[in-house]
Chemist: 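A single structure is presented below for examination.
Computed from a predicted structure; not experimentally measured. Ligands are counted one by one from 1 in listed order, and the atoms in each one are counted from 1 as well.
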Amino acid sequence: MAFDIIIIGSGFGGAITGCRLAEAGYKVLILERGRRWDKTTYPRKPEDNWVWSNEHPETKNGWIELHTFRHMTVAQGAAVGGGSLIYANISCEAPRSAFANGWPQEVTYDELKPHYDTVAKFMNVQSVPDNQWTERMKLMKDGATAIGHGDRFKKLELAVTFDPNWKYGPGCHDAAQSKPFTNAQGVAQGTCVHLGNCDIGCEVDARNTLDRNYIPWAEKHGAEVRELHLVNNIEPVDGGYTVHFDRLPSDRKVGGQRIAGSETARIVIVAASSLGSTELLLRCRDITRSLPNLSPFLGHDWSSNGDFLTPAFYSGREVLPSTGPTITSAIDFLDRSQDGESFWIEDGGFPALLADYVKGLKSGANAESLWAKLLIDSFGHMLRDDNAQPFANVMPWFAQGVDAANGVLSLKQDILGSKQSLSLDWDIEKSKPAIEAIVSMHKRLAEATGGKPVVPPTWSVLNYLVTPHPLGGCCMGSSPADGVVNHAGEAFGYKNLYVADAAIIPEALGVNPSRTIGALAERIAAILRTEAR
Ligand SMILES: Cc1cc2nc3c(=O)[nH]c(=O)nc-3n(C[C@H](O)[C@H](O)[C@H](O)COP(=O)(O)OP(=O)(O)OC[C@H]3O[C@@H](n4cnc5c(N)ncnc54)[C@H](O)[C@@H]3O)c2cc1C
Ligand code: SF4
């Protein structure tokens, strides 16, 4: 076998297992469909390459993929470093209660705690220093206090490096105010100057993303990371597996042909995200039939993690959602004290560039594209023309909650009958109470602080949701009757075939998931290190 371990995908699951197994001396290959980005190549203008398309990856290989289903749009990353390139940096533990039902008995909060701590240390997480509160943090605290729940407000841990001496004041956002430093993995970074662009890449490298810690550490220990490699099949062979992929042309402006290739390894770890891993394994089970014995549970118990956003307008208050880290704090109702539902409220933020981008889209040639329509519908009405910060008076009240985790992903013939596409059956009824509890709390908080909440008609009329936190599809379970992989991530029926990403999480967490995915990946790598030699 050419490699000990092939890992498919380089997000939280792939980067972390890859790093720990390379560190342990295994010969590791990470295959990633997306490209490697840095601050000199981040997309910035409307015409730049923002969006990933699995249909046309030769030319559309940007870093965000929007997967649109009948009742749900899922946003996810496509890059070396996966979702971390475009995420809002929140790194939080799930509450103990999240593990009470639906998990294999081996996986508990106490079991994961040391791994949570390892991820936090490696990604150097920290909260916004007390001398650097953003206007949204103040509004969150005011809102919690105004409704009598001030004690539920908390600052969140972020994978961002702050300079404790930085302060708001004239010229404070100038990149020259960012202090350069070398992180524990030997990578150059700078400190946060509250530019507000976290979700679209930080100009001063203050975000502690996977391409600045786990991935370089994996490479330092001999792991090979191949960008622009789209995996399409996994096939058992004597002593291991062959992984088949298409190499995508590296110059996206030129486009060109894909080149088919393959590599072999004794162990394969699928870490292509909730949708990516589930779709790849469904294709292997049902289309190529290379892995026909995968569990019938594949695709089941998918969750949107109860994500919801309600914008509120404040005529007398500057909220400045484009200043400072995208999300900073939470008001914690995970204890089911409100309407019997478990959720927490967060402040949201919009990159300043989003305003210019949406303005450009409204008048541009691509205004009719799906991506443009989604952004214009979501943000167009919030724009204010007379201000350097066009969203200045908008508070994006954000939240996650424990939904019913009852979605089913499967492959279905598309309308033209030409191919099988990923489809989501999503019955909203059982998840409605969780979303309605969030909406009602958003309204309460906004009204208690002088804001005017506007519940998006996509929810109030259509019950349509958008989530950046897809979970499940290849869930952990105790047997093929209730799961696809066991507590260690190994697929039922296939020795040395693992899944190690958001796809294995069997229930909604009700909080941002990356640290839990990371902790599970650390645990799977630790088990493999002791057992797989
Ligand atoms: C805008 C946004 C903001 C977010 N903010 C937060 C936050 O603040 N905190 C938080 O905890 N979470 C956040 N998330 C969610 C978080 O990014 C995901 O939960 C996390 O990245 C999932 O980790 P993963 O390892 O499962 O998959 P990913 O990180 O998505 O990595 C999967 C990788 O596999 C690659 N891949 C897929 N298919 C293939 C294939 N066939 N061949 C090769 N490679 C493939 C993908 O390109 C991707 O790079 C956010 C997400 C988005 C979109
Ligand atoms: S707020 Fe700005 S400087 Fe700070 S991490 Fe986010 S993008 Fe970087």
Side-chain angles (χ1 to χ4, degrees), residues 7-17 30-35 52 54 57 61 63-66 74-92 128 132 134 156 158-162 166 173 175 177-178 190-210 226-233 243 245-246 270-277 279-280 283 305 307 322-328 346 348-349 351-352 398 400 467-471 499-505 509 511-518 520-521:
I7 297 171
I8 302 164
S10 63
F12 285 86
I16 294 177
T17 49
I30 300 180
L31 297 170
E32 166 58 54
R33 67 178 176 170
R35 47 178 63 241
W52 175 274
N54 256 358
N61 43 44
W63 62 9
I64 184 163
E65 180 180 23
L66 293 172
V74 178
Q76 56 186 17
V80 172
S84 79
L85 272 282
I86 52 163
Y87 86 146
N89 319 305
I90 302 300
S91 180
C92 59
V128 175
Q132 300 177 21
T134 64
L156 290 172
L158 312 182
V160 171
T161 304
F162 294 97
W166 183 92
H173 301 304
Q177 300 297 320
S178 171
T191 53
C192 175
V193 291
H194 290 234
L195 284 166
N197 279 339
C198 308
D199 274 344
I200 55 170
C202 177
E203 283 85 348
V204 297
D205 285 332
R207 301 171 64 231
N208 310 331
T209 46
L210 297 166
R226 294 189 197 163
E227 62 172 339
L228 295 164
H229 279 63
L230 178 63
V231 173
N232 50 44
N233 198 20
V243 176
F245 49 77
D246 282 340
V270 185
S273 79
S274 163
L275 297 189
S277 295
E279 178 168 4
L280 179 60
R283 290 192 183 281
N305 204 31
D307 272 71
S322 305
T323 299
T326 302
I327 300 173
T328 57
E346 289 178 338
F398 189 36
Q400 290 93 48
T467 184
H469 294 159
L471 302 174
V499 186
D501 60 14
I504 65 175
I505 295 184
L509 299 172
V511 302
N512 316 65
S514 66
R515 181 115 144 239
T516 302
I517 300 165
L520 288 166

Chemist: Can you tell which of Gly196, Ala159, Gly349 gets a heavy atom nearest to atom 1 (S) of ligand 2?
Modeler: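 Minimum heavy-atom distance to atom 1 (S) of ligand 2 goes to Gly196.
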Chemist: Check whether the side chains of Thr161 and Asn208 place a donor and an acceptor atom closer than 3.5 Å, and report yes or no.
Modeler: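 A pair is found: one side chain offers a donor N or O, the other an acceptor, under 3.5 Å apart.
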Chemist: Should the proximity of Glu65 to ligand 1, defined as any heavy atom under 4.0 Å, be assigned to the side chain, the backbone, both, or neither?
Modeler: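 Glu65 to ligand 1: no contact under 4.0 Å from either part.
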Chemist: Tell me, with the steps shown, if Leu509 and His469 meet side-chain contact (heavy atoms from CB on, under 4.5 Å).
Modeler: CA-CA 10 Å; Leu509 299 172; His469 294 159; over 6 Å; no
Chemist: Looking only at heavy atoms, is any part of Leu31 under 4.0 Å from ligand 1, and if so is it the side chain, the backbone, or both, or is it neither?
Modeler: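 Only the backbone of Leu31 comes within reach of ligand 1.
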Chemist: Around atom 2 (Fe) of ligand 2, find the nearest protein heavy atom and jot down its residue, atom name and distance.
Modeler: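 Answer for atom 2 (Fe) of ligand 2: Leu195 N, 2.9 Å.
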Chemist: Below 4.0 angstrom from a heavy atom of Gly324, which ligand 2 atoms are there? Numbered from 1 as shown, please.
Modeler: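 Here the atoms of ligand 2 in question are 1 (S).
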Chemist: So which bit of Val204 gets within less than 4.0 Å of ligand 2, heavy atoms only: side chain, backbone, both or neither?
Modeler: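 The side chain, only.
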Chemist: Using 30° and 60° as the class boundaries, would you call the ring planes of Trp166 and His173 parallel, tilted or perpendicular?
Modeler: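 The arrangement is tilted - the two ring planes meet at 30° to 60°.
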Chemist: Which of the atoms of ligand 1 are close to Ala88, meaning less than 4.0 Å from one of its heavy atoms?
Modeler: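 It comes down to these atoms of ligand 1: 3 (C), 4 (C), 5 (N), 6 (C), 7 (C), 8 (O).
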Chemist: I want to know if ligand 1 touches Gly13 in the polar sense, i.e. an N/O pair below 3.5 angstrom.
Modeler: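 Checking ligand 1 against Gly13, an N or O pair does fall under 3.5 Å apart.
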Chemist: Report the distance from atom CG of Leu471 to atom CD1 of Ile504, rounding to the nearest 0.5 Å.
Modeler: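 Answer rounded to 0.5 Å: 11.0 Å.
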Chemist: Is it true that a side-chain atom of Arg207 and a backbone atom of Cys198 form a donor plus acceptor pair closer than 3.5 Å?
Modeler: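 The answer is yes, because a donor-acceptor pair under 3.5 Å joins these two groups.
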Chemist: What closest approach, in Å, do Leu280 and Asn233 show between heavy atoms, and which atom pair accounts for it?
Modeler: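 Reported closest heavy-atom pair: CD1-N, 4.0 Å.
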Chemist: To the nearest 0.5 Å, what is the distance between CG on Asp246 and CZ on Arg33?
Modeler: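 Atom-to-atom, Asp246:CG and Arg33:CZ are 13.5 Å apart.
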Chemist: Output the list of atoms in ligand 1 that are nearer than 4.0 Å to some heavy atom of Ala271, sorted by atom number.
Modeler: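 Once the distances to Ala271 are compared, the set is 32 (C), 33 (C), 34 (O).
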Chemist: Please list the nearest protein heavy atom to atom 44 (N) of ligand 1 with its residue and the distance rounded to 0.1 Å.
Modeler: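 Its nearest protein heavy-atom neighbour is Arg33 N, 3.1 Å.
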Chemist: Considering only protein heavy atoms, which is closest to atom 8 (Fe) of ligand 2, and at what distance to one decimal place?
Modeler: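 Here the nearest protein heavy atom works out to Cys202 SG, 2.3 Å.
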Chemist: Would you say Ser84's side chain and Leu210's backbone share a donor-acceptor pair under 3.5 angstrom?
Modeler: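 Pair found, side chain donor or acceptor close to backbone of Leu210.
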Chemist: Of all the non-hydrogen atoms in the protein, which one sits nearest to atom 50 (C) of ligand 1, and at what distance?
Modeler: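 Looking only at protein heavy atoms, the one closest to atom 50 (C) of ligand 1 is Tyr87 CB, 3.6 Å.
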Chemist: For Gly77, take its heavy atoms, then give the atoms of ligand 1 lying under 4.0 Å from any of them.
Modeler: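 Within the 4.0 Å cut-off of Gly77, ligand 1 contributes 46 (C), 47 (O), 48 (C).
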Chemist: Test of understanding: given a 4.0 Å heavy-atom threshold, classify the contact between Ala503 and ligand 1 as side chain, backbone, both, or neither.
Modeler: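 Under 4.0 Å from ligand 1, Ala503 contributes no heavy atoms.
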Chemist: Among Ser274, Ser273, Ser277, which one satisfies side-chain hydrogen bond (donor to acceptor under 3.5 Å, both in side chains) with Asp501?
Modeler: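 Exactly one option meets the side-chain hydrogen bond (donor to acceptor under 3.5 Å, both in side chains) with Asp501, and it is Ser277.
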Chemist: Go through the steps to decide whether Leu66 and Val74 satisfy the test side-chain contact (heavy atoms from CB on, under 4.5 Å), and finish with yes or no.
Modeler: CA-CA 6 Å; Leu66 293 172; Val74 178; over 6 Å; no
Chemist: Would you mind listing which atoms of ligand 1 come within a distance below 4.0 Å of any non-hydrogen atom of Gly82?
Modeler: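 It comes down to these atoms of ligand 1: 29 (O), 31 (O), 48 (C), 49 (O).
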Chemist: If the cut-off is 4.0 Å to any non-hydrogen atom of Pro513, which atoms of ligand 1 fall inside it?
Modeler: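 Under 4.0 Å from Pro513, ligand 1 has these atoms: 10 (C), 11 (O), 12 (N), 19 (O).
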Chemist: List the closest protein heavy-atom neighbour of atom 42 (N) of ligand 1: residue, atom name, distance to the nearest 0.1 Å.
Modeler: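 For this ligand atom, the closest protein heavy atom is Val231 N, 2.9 Å.
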Chemist: Which of the atoms of ligand 2 are close to His194, meaning less than 4.0 Å from one of its heavy atoms?
Modeler: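 Every atom of ligand 2 under 4.0 Å from some heavy atom of His194: 1 (S), 2 (Fe), 3 (S), 4 (Fe).
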Chemist: I'd like to know if atom 4 (Fe) of ligand 2 has an N/O/S atom from Cys192 within less than 2.8 Å of it, counting both backbone and side-chain atoms.
Modeler: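 A backbone or side-chain N, O or S atom of Cys192 is under 2.8 Å from atom 4 (Fe) of ligand 2.
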Chemist: Under 4.0 Å from a heavy atom of Leu230: which atoms of ligand 1 are those, numbered in the order shown and with their elements?
Modeler: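 Matching atoms, with element in brackets: 40 (C), 41 (N), 42 (N).
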Chemist: Around atom 3 (S) of ligand 2, find the nearest protein heavy atom and jot down its residue, atom name and distance.
Modeler: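 Nearest protein contact, heavy atoms only, for atom 3 (S) of ligand 2 is Val193 N, 3.4 Å.
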Chemist: Of all the heavy-atom pairs spanning Glu227 and Val80, show the shortest one and how long it is.
Modeler: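 Closest approach of Glu227 to Val80: CB-CG2, 3.9 Å.
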Chemist: Any donor-acceptor pair under 3.5 Å linking the side chain of Ser10 with the backbone of Gly81?
Modeler: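 Flag set: sc Ser10 to bb Gly81 pair under 3.5 Å.
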Chemist: Which residue and non-hydrogen atom of the protein lie closest to atom 5 (S) of ligand 2, and at what distance in Å?
Modeler: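 Scanning the protein heavy atoms, the shortest distance from atom 5 (S) of ligand 2 goes to Arg207 CG, 3.6 Å.
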Chemist: Taking the side chain from Arg515 and the backbone from Ser91, do they hold a donor-acceptor pair closer than 3.5 Å?
Modeler: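 Yes, the answer is positive, given that a donor and an acceptor are paired below the 3.5 Å cut-off.
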Chemist: Number the atoms of ligand 1 from 1 as they appear, then name those within less than 4.0 Å of a heavy atom of Ala502, with their elements.
Modeler: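 Here the atoms of ligand 1 in question are 26 (O).
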Chemist: Which bit of Ala79 gets closer than 4.0 Å to ligand 1, counting heavy atoms only: side chain, backbone, both or neither?
Modeler: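 For Ala79, the contact with ligand 1 is made by the backbone alone.
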Chemist: How far is atom 28 (P) of ligand 1 from its nearest protein heavy atom, and which residue and atom is that?
Modeler: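 Going atom by atom, the protein heavy atom closest to atom 28 (P) of ligand 1 ends up being Gly83 N, 3.8 Å.
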Chemist: Would you compute the distance between atom CD of Gln76 and atom CD1 of Ile64 and round it to the nearest 0.5 angstrom?
Modeler: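 The CD1 atom of Ile64 is 9.0 Å from CD of Gln76, to the nearest 0.5 Å.
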Chemist: His229 heavy atoms, cut-off 4.0 Å: which ligand 1 atoms fall inside?
Modeler: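 Selected atoms, number and element: 42 (N), 43 (C).
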Chemist: Looking only at atom types and distance, does a side-chain atom of Asn305 sit under 3.5 Å from a main-chain N or O of Asn512, one as donor and one as acceptor?
Modeler: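 Checking the backbone N and O of Asn512 against the side chain of Asn305, no donor-acceptor pair under 3.5 Å is found.
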Chemist: Starting at CD1 of Ile30, measure out to OG1 of Thr17 and round the result to the nearest 0.5 Å.
Modeler: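 If I round to the nearest 0.5 Å, the distance is 7.0 Å.
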Chemist: What about Asp199: any of its N or O atoms under 3.5 Å from an N or O on ligand 1?
Modeler: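 No; the residue has no nitrogen or oxygen that sits under 3.5 Å from a nitrogen or oxygen of the ligand.
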Chemist: Tell me which protein heavy atom sits closest to atom 1 (C) of ligand 1, plus the residue, atom name and distance to 0.1 Å.
Modeler: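 Going by distance alone, atom 1 (C) of ligand 1 is nearest to Ile86 O, 3.3 Å.
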Chemist: If I take atom OG1 from residue Thr326 and atom CD1 from residue Ile200, how far apart are they, to the nearest 0.5 angstrom?
Modeler: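 If we round to the nearest 0.5 Å, Thr326:OG1 and Ile200:CD1 are 9.0 Å apart.
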Chemist: Apply side-chain contact (heavy atoms from CB on, under 4.5 Å) to Leu230 and Asn54, showing your working.
Modeler: CA-CA 9 Å; Leu230 178 63; Asn54 256 358; 3.8 Å; yes
Chemist: Among all protein non-hydrogen atoms, which one is nearest to atom 22 (C) of ligand 1, and what is the separation to 0.1 Å?
Modeler: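 Residue, atom and distance for the closest contact: Ile517 CD1, 3.5 Å.
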Chemist: With backbone taken as N, CA, C and O and side chain as the heavy atoms from C-beta onward, which portion of Asn89 lies under 4.0 Å from ligand 1: side chain, backbone, both, or neither?
Modeler: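 Asn89 to ligand 1: backbone contact only, side chain stays beyond 4.0 Å.
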Chemist: So which of Arg283, Glu279, Gln76, His469 gets nearest to atom 12 (N) of ligand 1, if we judge by its closest heavy atom?
Modeler: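 Comparing heavy atoms across Arg283, Glu279, Gln76, His469, the nearest one to atom 12 (N) of ligand 1 lies in His469.
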Chemist: List the closest protein heavy-atom neighbour of atom 38 (N) of ligand 1: residue, atom name, distance to the nearest 0.1 Å.
Modeler: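 Among all protein heavy atoms, the one nearest atom 38 (N) of ligand 1 is Ala272 CB, 3.4 Å.
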Chemist: Which residue supplies the protein heavy atom nearest to atom 6 (Fe) of ligand 2, what is that atom called, and how far is it?
Modeler: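 Checking every protein heavy atom, the shortest distance to atom 6 (Fe) of ligand 2 gives Cys198 SG, 2.3 Å.
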Chemist: To the nearest 0.1 Å, how far is atom 33 (C) of ligand 1 from its closest protein heavy atom, and which atom is that?
Modeler: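 Checking every protein heavy atom, the shortest distance to atom 33 (C) of ligand 1 gives Glu32 OE1, 3.6 Å.
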Chemist: Using side-chain contact (heavy atoms from CB on, under 4.5 Å), reason through Thr134 and Thr323 one step at a time and then give a plain yes or no.
Modeler: CA-CA 7 Å; Thr134 64; Thr323 299; 5.9 Å; no
